[in-house]
Protein chains: 2
Amino acid sequence: MADSRALLLDAAADEFAVYGFKGARVQAIVKRAGVNERMIYHHFGSKEGLYAAVMLEQRHTLGAAWMPILDKAAAMDPYEGMKTALSGYLDLVTARPQAVALFIHEALSDWSVSHLPTADQLPPQLRELYARGQREGVFPAGRPFEIAYMTAICALMGLTVFSHHFASSEDDTRPELTPELRTHIMAQLLDGLRA
Amino acid sequence: MADSRALLLDAAADEFAVYGFKGARVQAIVKRAGVNERMIYHHFGSKEGLYAAVMLEQRHTLGAAWMPILDKAAAMDPYEGMKTALSGYLDLVTARPQAVALFIHEALSDWSVSHLPTADQLPPQLRELYARGQREGVFPAGRPFEIAYMTAICALMGLTVFSHHFASSEDDTRPELTPELRTHIMAQLLDGLRA
DNA sequence: GACTCTATGCAGTAAATATTTACTTCATAC
DNA sequence: GTATGAAGTAAATATTTACTGCATAGAGTC
């Protein structure tokens, strides 16, 4: 009845995000999803197949959500464009911290087939926007785009991972970044990009 | 004969750094360490005891290595002090990427007793240095130290995790950050701190 | 040499874990 | 109306995994 495939993908994303591939338990996944254990092998063939499907879906979802923002940013002036792109990225990872966790787990583990974008697969819109900013003197001329990009994105991913450190001691709810904290973070990252 | 305790701590740090607590296998640890499986339970009582010992040792080692640099930084002017502290931190995590991996794994997992420093345990030397910089107008007045600190440190940790993305395709060796890349990263982070 | 104590090794055990086997429903196309 | 194949379930299997009981080796002390 219920779409057990989608239920499994969601539950598995949560479980893999917390424990990584080896640490994740299929029983925990099927329990979360509320489906029979057999369904994993029916839909995905193996735990590994399920993992690969989860990673593909996450990367696709994240990419699809970021794409329109990147396109919008590409039409703006370099500084405002970067602001838009990074702010949009922060929105995305705030809304889907599991995706960040999944990517980090994969980077830490020795997973053979990486589902992560490589240095030459970074968003071309931002690459061009950054180059334009460099020509206009808004961004420093000598700094490679890869460095500028990775430094800013890594900061956002890291902050997502350690966001619960901003929680007050008796705050039991998930401590989302307040708009005020967001503003400070964005200002710091954008100042870092400036020439 | 051989100090099996130290061998186990080292091997376990490597294994936990890659797979996290649940994903790590005690057999893999003892194989790496070249000691008998029994030794884990002799020295640490359990897998969990070994993990706790590893985390304590890593945090202590990292803290002890950073401490003198922080003290030196505290005596400098705010900007140069921050530069010294962050540059020293980058040296540390470059030399011991496993420590970063361990902390990130713990932040991602639902481990009950956290071995991570909380927001009020951030290095007091830097807190005071930052406040001094704010009074002198070097650092922005309204931005909380926790934000400025975490944003910069998270960027460094994230870059450590994703550093292999800077490798050229046929580079089989571990792609350490070149001095040139380091310079760009430090410049970007320090510019971000500036008022 | 006997005695003690810690370090180490071997061979196991019980539980956990990924995967498979055999089977039932159930919708839909021919 | 039945053939077909996908979706779902319960139980079993083979392997892995953390952990233990027990024996032994060696070093130091008397």
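Labels below follow one simple rule: chain letters A, B, ... track the order of the sequence lines, proteins then strands, and each chain is numbered from 1.
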Item to check | Glu15(A) CD to dT17(C) P, straight-line distance once rounded to whole Å | outcome: 10 Å
Item to check | Euclidean distance, atom CZ of residue Phe44(B) to atom C1' of dT20(D) [Å, nearest integer] | outcome: 18 Å
Next on the checklist: Tell me whether the count of non-hydrogen atoms from other residues, nucleotides or ligands lying under 6.0 Å of CE in Met76(B) goes above 12.
Outcome noted: yes
Next on the checklist: Run Arg182(A) and Asp91(A) through salt bridge (charged side-chain N to carboxylate O under 4.0 Å, His left out) and show every step you take.
Outcome noted: CA-CA 10 Å; Arg182(A) 270 193 51 119; Asp91(A) 286 338; 2.4 Å; yes
Item to check | Separation of dT25(C) P from Arg38(A) CZ (nearest whole Å) | outcome: 18 Å
Item to check | Separation of atom NE2 in His43(A) from atom P in dA6(D), rounded to whole Å | outcome: 11 Å
Next on the checklist: What is the distance, to the nearest angstrom, from the CE atom on Met39(B) to the P atom on dT20(D)?
Outcome noted: 14 Å
Item to check | Qualifying side chain to side chain donor-acceptor pair (under 3.5 Å) pairs with a residue from residues 13-25 of chain A, counting only residues at least two apart or across chains | outcome: Glu15(A)-Arg32(A), Tyr19(A)-Asp110(B)
Item to check | Side-chain (Gln134(B)) to main-chain (Arg143(B)) donor-acceptor, under 3.5 angstrom | outcome: yes
Do any N or O atoms of the protein come closer than 3.5 Å to N or O atoms of nucleotides 16-19 of chain D, and which pairs are they?
unit_1, atom_1, unit_2, atom_2, d
dT17(D), OP1, Arg25(B), NH1, 3.0
dA18(D), OP1, Ala24(B), O, 3.1
dA18(D), OP1, Lys47(B), NZ, 3.1
dA18(D), OP2, Val26(B), N, 3.0
dC19(D), OP2, Tyr41(B), OH, 3.4
dC19(D), OP2, Lys47(B), N, 2.9
dC19(D), N4, Glu37(B), OE2, 3.0

Item to check | Whole-Å gap separating P (dA6(D)) and CG (Asn36(A)) | outcome: 18 Å
Next on the checklist: With side chain to side chain donor-acceptor pair (under 3.5 Å) as the rule and sequence neighbours excluded, what pairs involving residues 61-86 of chain A come up?
Outcome noted: Asp71(A)-Gln125(A)
Checklist entry - Does the side chain of Glu180(A) come under 3.5 Å of the side chain of Thr183(A) through a donor N or O and an acceptor N or O? => result no
Next on the checklist: Output the rounded distance in Å from NE2 (His42(A)) to P (dA10(D)).
Outcome noted: 16 Å
Checklist outcome for this item: Asp3(B) atom CG is separated from dT6(C) atom P, nearest whole Å, by 16 Å
